[in-house]
Chemist: 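Could you have a look at this structure, given as structure tokens, before my questions?
Here is the naming used below: chain letters follow the sequence lines, and residue numbers restart at 1 for every chain.
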4 protein chains.
Amino acid sequence: MKKNKPKYKQIIDAAVQVIAENGYHASQVSKIAKKAGVADGTIYLYFKNKEDILVSLFQEKMGQFIDKIEHETTSRQTAEEKLLTLIETHFEQLAADHHLAIVTQLELRQSNKDLRQKINHVLKGYLDIIDQIVDEGVEEKLFRENLDRRLVRQMIFGTMDETVTNWVMKDQRYNIVDQAKEVHSLIVHGLAGPHQ
Amino acid sequence: MKKNKPKYKQIIDAAVQVIAENGYHASQVSKIAKKAGVADGTIYLYFKNKEDILVSLFQEKMGQFIDKIEHETTSRQTAEEKLLTLIETHFEQLAADHHLAIVTQLELRQSNKDLRQKINHVLKGYLDIIDQIVDEGVEEKLFRENLDRRLVRQMIFGTMDETVTNWVMKDQRYNIVDQAKEVHSLIVHGLAGPHQ
Amino acid sequence: MKKNKPKYKQIIDAAVQVIAENGYHASQVSKIAKKAGVADGTIYLYFKNKEDILVSLFQEKMGQFIDKIEHETTSRQTAEEKLLTLIETHFEQLAADHHLAIVTQLELRQSNKDLRQKINHVLKGYLDIIDQIVDEGVEEKLFRENLDRRLVRQMIFGTMDETVTNWVMKDQRYNIVDQAKEVHSLIVHGLAGPHQ
Amino acid sequence: MKKNKPKYKQIIDAAVQVIAENGYHASQVSKIAKKAGVADGTIYLYFKNKEDILVSLFQEKMGQFIDKIEHETTSRQTAEEKLLTLIETHFEQLAADHHLAIVTQLELRQSNKDLRQKINHVLKGYLDIIDQIVDEGVEEKLFRENLDRRLVRQMIFGTMDETVTNWVMKDQRYNIVDQAKEVHSLIVHGLAGPHQ
DNA sequence: AATGAATGAGTATTCATTCAT
DNA sequence: CATGAATGAATACTCATTCAT
């Protein structure tokens with residue numbers, strides 16, 4: 001299995017770094033190879049082509065990202081706690097890897113439709129976790145019954161994503177993890193006051 | 001003023017069409033020129049470079065987009081109504097111009113960081129409208145007092161944006177305007193039930 | 001019509017020269033462009049791709065080559081004279097353009113099957129001329145009746161081609177035109193003596 | 001002596017097959033190695049480089065080819081019979097090995113000048129046999145005295161070669177051996193009728 | 001103002017060959 | 001002897017931009 005060989009991970013990590021530092025369009029294969037400490041041709045022993053590096057990068061990193069979120073959320077009791085943990089873990093992981101945050105929030109979005117389709121496929125696993133927490137919340141009577149699952153998913157993911165993107169575009173100058181509680185509160189209770 | 005000359009608008013409309021039909025990366029200047037019915041060189045009498053076409057396109061179209069939203073919302077009484085009108089008008093306008101929806105939600109995001117910074121600058125005007133409605137809602141005691149303006153803005157914009165993007169990626173196969181009320185409800189009341 | 005523009009011919013002549021001097025595989029597009037005095041990109045305003053330069057080169061040069069042979073042979077009376085004129089004109093023209101001789105006899109044969117198919121298509125016109133002369137010879141009772149046209153064509157063309165190739169491979173060190181009469185005699189009378 | 005080791009012949013036979021099936025340019029060393037059932041590196045224990053495989057292939061196969069022709073012709077009495085046998089054996093051998101026919105008539109000609117020089121060196125032995133038969137024919141007064149040996153050689157070889165190449169290019173759809181007698185007749189008697 | 005022919009910088013990928021095991 | 005992972009040189013083509021007319 002190529003994915004377990006050290007050079008596979010070396011190249012992916014080099015790609016994250018090169019893309020974060022140079023931007024998507026200035027990230028030539030030769031630059032990634034150099035940073036990974038391998039010859040240009042070696043890249044093609046581990047990846048089909050340049051796009052395959054990027055897709056694999058996303059799968060690899062997002063796979064871990066999602067696994068971690070899944071692991072953290074399942075250890076919580078209520079749906080409300082799970083949702084808070086999901087938001088916190090989402091923010092924490094990106095805060096812990098500045099390069100990865102830049103790559104996922106800004107650079108990889110410059111890719112073409114084709115690559116974005118593949119990225120969305122990976123994200124599907126994440127959306128499933130969100131769906132399940134919402135379902136649990138409804139069962140626990142914490143959340144309203146008649147929620148449109150798709151819209152809820154879009155609100156939760158859209159809010160987190162927009163929050164992270166803004167933070168990255170502001171050069172990560174503030175602590176995004178501090179905002180998790182407030183984001184959670186907005187998602188659970190909305191804008192309206194308690195007497196509404 | 002070049003912006004009032006007919007060819008200026010001709011070129012921008014051609015660009016929207018060409019990008020929507022061919023995708024961002026397959027939209028060469030020569031293709032836009034051909035669709036606009038002008039020579040390649042003529043483009044450069046009206047725009048500094050290719051990026052300038054895209055920025056101008058966004059300014060022009062988003063300017064109208066935002067003006068319309070501003071006009072519709074000001075005619076409403078309460079912040080809650082204004083917010084609903086904002087969401088409805090946002091969805092309606094993109095539903096009314098399929099080409100523009102594709103270009104703003106998918107294709108223009110493939111541009112580089114630099115262009116996206118300029119796009120964000122244009123969006124600033126939109127975010128100001130959102131902020132003002134939130135402020136009004138707080139004053140009217142409809143919304144909670146201690147809301148973090150930036151987070152609220154990100155929730156509102158992020159939710160709408162994610163909703164529209166999903167609709168475009170699903171080839172606009174359902175009526176997005178139908179979802180405005182539910183999106184509004186989620187933003188105002190969140191996931192929690194009334195007894196929470 | 002692009003074929004009448006001066007740069008079209010400039011590029012083709014440059015290609016002949018570059019290929020003759022450097023060999024097929026060392027003839028990069030950029031080298032041809034430089035020799036032609038145009039930018040690399042200009043090549044692609046006149047030719048679809050590299051192969052198209054080579055096909056066009058062959059069509060252009062062989063077109064003239066065949067026209068000349070056709071013109072010279074039609075002015076002769078008998079089939080025997082026509083055949084001699086054909087051989088002489090074939091040899092003369094290649095002797096007059098050393099570069100072209102190298103390109104057609106050696107370098108262009110290194111091309112792939114696809115290009116060679118196209119080259120053969122051009123040669124069809126030449127083979128038609130040969131066929132017609134043979135037909136005339138048979139009618140005039142100069143040649144045998146029961147000749148297999150395809151084999152005759154292959155003998156005539158194969159003999160001339162092998163003769164020219166040998167001459168080119170020997171660096172064109174002798175005068176090939178001097179051999180036309182003897183080649184003609186071999187083709188018409190074969191190896192056998194008069195008493196056979 | 002490496003040439004007697006089994007892998008030497010294995011690799012050469014694999015090369016013939018791979019080149020015939022994939023074409024010269026799509027015949028990578030790794031493909032030949034795979035077909036031969038050896039590692040890429042092993043190729044270089046038996047051959048200096050890729051060109052050396054091709055030269056050796058030609059030497060090996062053409063050596064047998066020429067030996068067979070030599071053996072068959074010496075058992076004939078007259079030069080005329082020997083020539084017919086030569087043509088027949090030439091055609092028979094290529095008809096019996098379709099792969100080899102493709103490789104020698106089409107694919108190997110795509111090689112560069114350098115390799116073709118070496119191939120010509122191998123063919124020298126064949127041309128010597130032709131020369132000797134012609135000499136015998138002249139001595140026997142079957143052939144004319146004043147024949148230019150080189151031209152005769154070129155006529156005989158050129159005609160056979162062109163005939164075989166045409167047959168291969170027509171996907172070997174007819175029986176080339178059937179044409180040996182007629183080719184022989186053309187070479188011996190030429191186009192002219194008996195009364196010429 | 002308008003044209004469009006010409007420019008030329010920039011880059012992913014292949015594959016013959018090597019050499020540590 | 002044999003392996004096969006690693007190497008790295010080499011090249012056609014696109015397209016935003018210019019500028020002479």
Side-chain angles (χ1 to χ4, degrees), chain A residues 2 5-8 10-11 25-34 36-53, chain B residues 2 5-8 11 25-34 36-54, chain C residues 2 5-8 10-11 25-34 36-53, chain D residues 2 5-8 11 25-34 36-54:
Chain A
K2 286 191 169 168
K5 296 200 180 174
K7 288 197 178 160
Y8 179 84
Q10 249 175 67
I11 292 166
H25 284 111
S27 295
Q28 299 88 343
V29 171
S30 62
K31 220 179 250 173
I32 294 171
K34 196 168 190 178
V38 300
D40 291 16
T42 304
I43 298 271
Y44 293 87
L45 296 175
Y46 294 89
F47 301 92
K48 225 170 57 252
N49 50 36
K50 188 179 179 181
E51 181 179 306
D52 190 32
I53 306 176
Chain B
K2 286 191 171 171
K5 298 207 178 169
K7 288 195 179 166
Y8 179 84
I11 292 167
H25 284 111
S27 295
Q28 299 84 348
V29 171
S30 62
K31 219 179 249 173
I32 295 171
K34 195 169 190 181
V38 301
D40 293 16
T42 305
I43 297 270
Y44 292 86
L45 298 175
Y46 294 89
F47 301 91
K48 220 169 62 249
N49 50 35
K50 188 179 179 180
E51 182 178 304
D52 189 31
I53 307 176
L54 304 175
Chain C
K2 286 192 170 169
K5 297 200 179 172
K7 288 197 179 161
Y8 179 84
Q10 249 174 68
I11 292 166
H25 283 111
S27 295
Q28 299 87 342
V29 171
S30 62
K31 219 179 252 175
I32 295 172
K34 196 168 192 180
V38 301
D40 290 18
T42 304
I43 298 269
Y44 294 88
L45 297 176
Y46 294 89
F47 301 91
K48 224 172 54 252
N49 50 36
K50 188 179 178 181
E51 181 178 306
D52 190 32
I53 307 176
Chain D
K2 286 190 170 171
K5 299 209 178 168
K7 287 194 180 165
Y8 179 85
I11 292 167
H25 283 111
S27 295
Q28 298 85 346
V29 171
S30 62
K31 219 179 249 174
I32 295 171
K34 195 169 190 180
V38 300
D40 292 15
T42 305
I43 298 271
Y44 292 87
L45 298 175
Y46 294 89
F47 301 91
K48 220 170 63 248
N49 50 35
K50 187 180 180 181
E51 183 179 304
D52 190 31
I53 307 176
L54 304 175

Chemist: Look at the side-chain N and O atoms of D/K31 and state whether any lies under 4.0 Å from the OP1 or OP2 oxygen of E/dC15.
Modeler: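 No, outside the criterion.
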Chemist: Expressed in angstrom and rounded to an integer, what is the separation of C/Y8 atom OH from E/dA6 atom C1'?
Modeler: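 After rounding, the reported distance stands at 19 Å.
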Chemist: To the nearest Å, how far apart are D/K34 NZ and F/dA2 P?
Modeler: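 Rounding to the nearest Å, NZ of D/K34 and P of F/dA2 are 20 Å apart.
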Chemist: In dot-bracket notation, what is the pairing pattern of DNA chain F, taking Watson-Crick (N1-N3 plus N6-O4 or O6-N4) and G-U wobble (N1-O2 and O6-N3) contacts under 3.5 Å, with [ ] crossing and | for other strands?
Modeler: .||||||||||||||||||||
Chemist: Quick one: A/I53 CD1 to E/dT13 C1', roughly how many Å, whole number?
Modeler: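 Result: 11 Å.
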Chemist: Could you pull out all residues at least two apart from A/E51 that satisfy side-chain hydrogen bond (donor to acceptor under 3.5 Å, both in side chains)?
Modeler: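 Expected list: A/K118.
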Chemist: Residues in ring-ring contact (aromatic ring centres under 6.0 Å, His included) with C/F47, at least two apart?
Modeler: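 Testing C/F47 for ring-ring contact (aromatic ring centres under 6.0 Å, His included), a comparison that skips the adjacent residues, returns C/Y8.
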Chemist: Apply side-chain hydrogen bond (donor to acceptor under 3.5 Å, both in side chains) to A/K31 and list each qualifying residue two or more places apart in sequence or on a separate chain.
Modeler: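 So A/K31 forms a side-chain hydrogen bond (donor to acceptor under 3.5 Å, both in side chains) with A/Q28.
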Chemist: Among residues at least two apart in sequence or on other chains, which ones pass side-chain hydrogen bond (donor to acceptor under 3.5 Å, both in side chains) with B/D52?
Modeler: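 side-chain hydrogen bond (donor to acceptor under 3.5 Å, both in side chains) list for B/D52, sorted by chain: B/S56.
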Chemist: How does protein contact run along nucleotides 11-21 of chain F, one letter per nucleotide 5' to 3', with B for base contact, S for sugar-phosphate only, - for none, heavy atoms under 4.0 Å?
Modeler: SSBBSSBB---
Chemist: How close or far is atom C1' of F/dA2 from atom CZ of D/F47, stated in whole angstroms?
Modeler: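 Rounded to whole Å, this separation is 15 Å.
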Chemist: So, taking the atom named CD in C/Q10 and the one named CD1 in C/I43, what distance separates them when rounded to the nearest 0.5 Å?
Modeler: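 So the CD of C/Q10 and the CD1 of C/I43 are separated by 10.0 Å.
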Chemist: Separation of C/K5 atom NZ from E/dG4 atom P, in whole Å?
Modeler: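 After rounding, the gap between these two atoms is 11 Å.
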Chemist: Provide, to the nearest angstrom, the distance between the CD1 atom belonging to A/I43 and the P atom belonging to E/dT14.
Modeler: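 Rounded to whole Å, this separation is 13 Å.
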Chemist: Measuring from atom CD1 of B/I53 to atom CD1 of B/I11, what distance do you get when rounded to the nearest 0.5 angstrom?
Modeler: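 Here the rounded value is 7.0 Å.
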Chemist: Distance check: side-chain N/O of C/Y46 vs OP1/OP2 of E/dA5, anything under 4.0 Å?
Modeler: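 Result: no.
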Chemist: Which residue pairs pass the salt bridge (charged side-chain N to carboxylate O under 4.0 Å, His left out) test when at least one of the two sits in residues 38-50 of chain D, sequence neighbours left out?
Modeler: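 Salt bridge (charged side-chain N to carboxylate O under 4.0 Å, His left out) check on residues 38-50 of chain D returns no pairs.
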